[in-house]
Amino acid sequence: MADRRDVSTAFSLAERLRAGKSAYVGWTGFPDPVFADAVARTALEAVVLDMQHGLIDSGTLVGAIAAIVAAEKPAVVRVPVEDFAMASRALDFGATGIIAPMINSAEDARRFVSFVKYPPRGRRSWGPGRSMVFSGVTQGADYLASADEMTLALAMIETREGLEALDEILAVDGIDGVFVGPNDLCIALTDGRLVDPEAALLDEPLARIVSAAKRAGKISGVFGGRQAARFRALGFDFVSVGFDTGYVAAGVAAMLGGGGGAGY
Ligand code: 3PY
Ligand code: MG
């Protein structure tokens, strides 16, 4: 087993969250490692690179993860829907967590786990070159023994089906927690009538998700903006705070004295 003191802090997110700490994390889909570096050098505790709706391809991802790790922050990657092969690659490149969108059943969750955890939990294929260099775990045997613990598999709950299957998804061995997409969840729960991540109709499902995760001994996360502090107060452990274009817009508005927020 790797000596935990030798593992880079960029790989300590899972350990910190499991120890009951919470984290505010940044979010970017800009196709430029320099911007990922800028987000990593703020007070935010980790950076999510968004390959689902963002502009990041696998070539850019390699550099963006390296930039975040150089700032001693954990890199988490949201992969496109059902692109679990990309999840394995992102871990090999040095990501320390994967967010998988639109997980609607325990079966979806098991398939996700099969790509991000090594046997016996899953079937992640061997080739963690960059991850070993960045984490400081130099021996293959040590990496194999610690990788599942060191990396997070977060299943997005953002559909009616996902919400209904919440307990079964949380029960899947290898799923470390859930991550709520409040925009899609609002669309789903209103049958396409509304997209409002701040809608009051989300209050009960959000509280239910936090309690279910706590009962299962797993992590709860949520995509947040102006509501980040409220989400943290609700009990979410892993709360994202706005995103790239919002950071730029809010910075300009603040400098012009107009206030304004990152919003969604
Ligand atoms: C959602 O709110 O649905 C998300 O997936 C956040 O990007
Ligand atoms: Mg979504």
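We count ligands from 1, going down the list as the structure has it; atoms in each ligand are counted the same way.
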### Near the Mg ion (ligand 2) (cut-off under 2.8 Å), count of protein N, O or S atoms
2
## Note on the structure
Only one of F179, F231, Y24 passes side-chain contact (heavy atoms from CB on, under 4.5 Å) with F238, and that residue is F179
### Task
Run through T159, D184, V79 and flag the one making a side-chain contact (heavy atoms from CB on, under 4.5 Å) with P101.
V79
Write out each pair where an N or O from ligand 1 and one from the protein are under 3.5 Å apart, with the distance.
unit_1   : atom_1 : unit_2 : atom_2 : d
ligand 1 : 2 (O)  : P182   : N      : 3.2
ligand 1 : 2 (O)  : N183   : N      : 2.8
ligand 1 : 2 (O)  : N183   : ND2    : 2.8
ligand 1 : 3 (O)  : E158   : OE1    : 3.1
ligand 1 : 3 (O)  : D184   : N      : 2.9
ligand 1 : 3 (O)  : D184   : OD2    : 3.1
ligand 1 : 5 (O)  : R78    : NH1    : 2.8
ligand 1 : 5 (O)  : E158   : OE1    : 3.2
ligand 1 : 7 (O)  : R78    : NH1    : 3.2
ligand 1 : 7 (O)  : R78    : NH2    : 3.2

### Query
When hydrophobic residues are tied together by side-chain contacts of less than 4.5 Å, even through go-betweens, does L154 share a cluster with Y118?
yes
### Task
Report yes if some heavy atom in the side chain of R124 is under 4.5 Å from a heavy atom in the side chain of F84; otherwise report no.
no
#### Entry: Hphob cluster co-occupancy, L185 + L201, side-chain heavy atoms under 4.5 angstrom
yes
### Worked check of side chain to side chain donor-acceptor pair (under 3.5 Å) between S135 and Y143
CA-CA 9 Å; S135 61; Y143 187 86; over 6 Å; no
### Task
Can you spot which of I99, I56, T60, D83 makes a side-chain contact (heavy atoms from CB on, under 4.5 Å) with M51?
I56
### Query
Going hydrophobic residue to hydrophobic residue with side-chain gaps under 4.5 angstrom, can you get from V69 over to F35?
yes
### Message
Taking V133 as the starting point, is it possible to reach W126 by hopping between hydrophobic residues whose side chains are less than 4.5 Å apart?
### Response
yes
